Amino acid sequence: MRELADYRDEFPILADTTYLINHSLGAMPRNAEQRVAEYAHMWKTRGIRAWGEGWWNMPLTVGDQIGRIIGAPPGTTTMHQNVTIAEAIVLSCFRFEGERRRIVYEEGNFPSVRYLYQAQAERGGEIVVVPEREPVRDAIDERTLLVPVTHVLFKTGEIQDVEAIVERAHAAGAHVVLDAYQSAGTVPLDVTELGVSFAVGGSVKWLCGGPGAGWLYVRPDLVERLEPALAGWQAHARPFAFEPEMEYAEGAARFLTGTPNVPALYAATAGYDLIEDVGVERIREHSVRQTDLLARLIDDAGFELTGPRDPARRGGTVTVRTPEFEAVHRELAEREILCDFRPESGLRLGPHFFTTDDELRFTVEQIVDIVSTGAYERHADVTARF
Ligand SMILES: Cc1ncc(COP(=O)(O)O)c(C=O)c1O
């Protein structure tokens, strides 16, 4: 078995930076450049023939690779531009009328998810927002149609108790739509075992796949039953017949829209290959150990840990509040340590399977130095904005 440290060569940016921003933009695998070149070569030399030689089916073939990472059977996962589109396709399968027209969602959902579901109030949906720290499951009843929730919350990196939500939703006859963007590739996820109706995510973060490669899983028993209104010619049974009326394709293809984002799908598979090669269980083991180490280093330095302390509830990201964290973040970037921050939770540090313990020690040492010497003060313009 290849040592985790041996994978560092696969990520060129690690030679110059301490890369702790994998919860936002995962490090680019070296091979992604090669894949994009393959795409260009195919376009250049095969021209129109490329569609029949793989391009047309990529939303399904690449979707099956995602399926292997999230525990979905072949033929249930399709590729889309982003989570917003994937969730919009799910929404387009439902009408909000009669007794069952509630959408129960948690306040901690990512904004684009929230905006989309809030907008359903205009289509007859009744929106119930569950405040942070209150259990979503208690708000689900027989009037509930959809329950869009997040596996790992983006602000704090906290893992949600999805099993309990699914159990309640099933008892009430509601559908859970799981946003697994912050878990796929770092926290083991088995959508089949969880029994969620839908799951969505993207590739920008822990999957190290870059932008433009969102995904949608639909539970096998629902695939043939649903008729998405947001569908394009790729969703038709005979797309090249250009028929005037829609007849849905068999299987997950019915959830497709128009022309796929081919270059993004080429680029993304380089990351998926590495995630599959290492295995999410192994990634999680490394992540739990490293986020624990980070938590200890942060405690010892006297800063406030704002995310979960319990490793079982902590995703791949550790959040820490330091004085003037916006300016500290800017100074860290000047020192080639890349992370980000959120106003409510402070700095977000997201190591991945290629991160070394020494990099974590170095980062906390630098934070201590920046705060104790006042080095952040030269970024006073950033501080003034918040
Ligand atoms: C949990 C979660 N969902 C969704 C998104 C992004 O949504 P979209 O793909 O629509 O940009 C993010 C981050 O960018 C996220 O952290």
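Only this structure's heavy atoms are used, side chains among them; waters, hydrogens and symmetry mates stay out. Every number for a ligand or one of its atoms is a count from 1 in the order of the listing. Only a predicted model underlies this, so the values are computations on that prediction, with no experimental measurement involved.
Remark: Glu247 pairs with Arg238 by the side-chain hydrogen bond (donor to acceptor under 3.5 Å, both in side chains) rule, at least two apart or across chains.
Side-chain contact between Arg219 and Leu222 is present, with at least one heavy-atom pair separated by less than 4.5 Å.
In this structure, the protein non-hydrogen atom closest to atom 7 (O) of ligand 1 is Ser112 OG, 3.4 Å. Closest to atom 10 (O) of ligand 1, if we only count protein heavy atoms, is Thr84 OG1, 2.5 Å. Atom 9 (O) of ligand 1 has Val83 N, 2.9 Å as its closest protein atom, hydrogens excluded (heavy atom only). When only non-hydrogen protein atoms are considered, atom 2 (C) of ligand 1 lies nearest to Asp179 OD2, 3.4 Å. Among protein heavy atoms, the minimum distance from atom 15 (C) of ligand 1 is reached at Phe110 CD1, 3.4 Å. Nearest to atom 16 (O) of ligand 1 among the protein's heavy atoms is Gln182 NE2, 3.2 Å.
Between the side chains of Arg321 and Ser345, no donor-acceptor pair of N or O atoms lies under 3.5 Å. Counted by atom type alone, Glu224 and Tyr248 present zero donor-acceptor pairs between their side chains at under 3.5 Å.
In this structure, Arg2 satisfies the cation-pi test against Tyr7, with its NZ or CZ atom closer than 6.0 Å to the six-membered ring centre and inside 45 degrees of the ring normal.
When the side chains of ILVMFWY residues are joined at heavy-atom separations under 4.5 Å, either directly or via intervening members, Phe325 and Phe154 end up in two distinct hydrophobic clusters.
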Practice problem: Begin from the C-alpha positions of Glu331 and Arg335 and carry the test salt bridge (charged side-chain N to carboxylate O under 4.0 Å, His left out) through to its verdict. | Solution: CA-CA 6 Å; Glu331 180 60 22; Arg335 300 181 184 197; 2.9 Å; yes
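Each of the following atoms of ligand 1 lies closer than 4.0 Å to a heavy atom of Tyr181: 1 (C), 2 (C), 3 (N), 4 (C), 5 (C), 6 (C), 9 (O), 12 (C). Those atoms of ligand 1 that come under 4.0 Å of a heavy atom in Phe154, given as number and element, are 16 (O).
When Lys155, Gln81, Lys205 are ranked by how near their heavy atoms come to atom 14 (O) of ligand 1, first place goes to Lys205.
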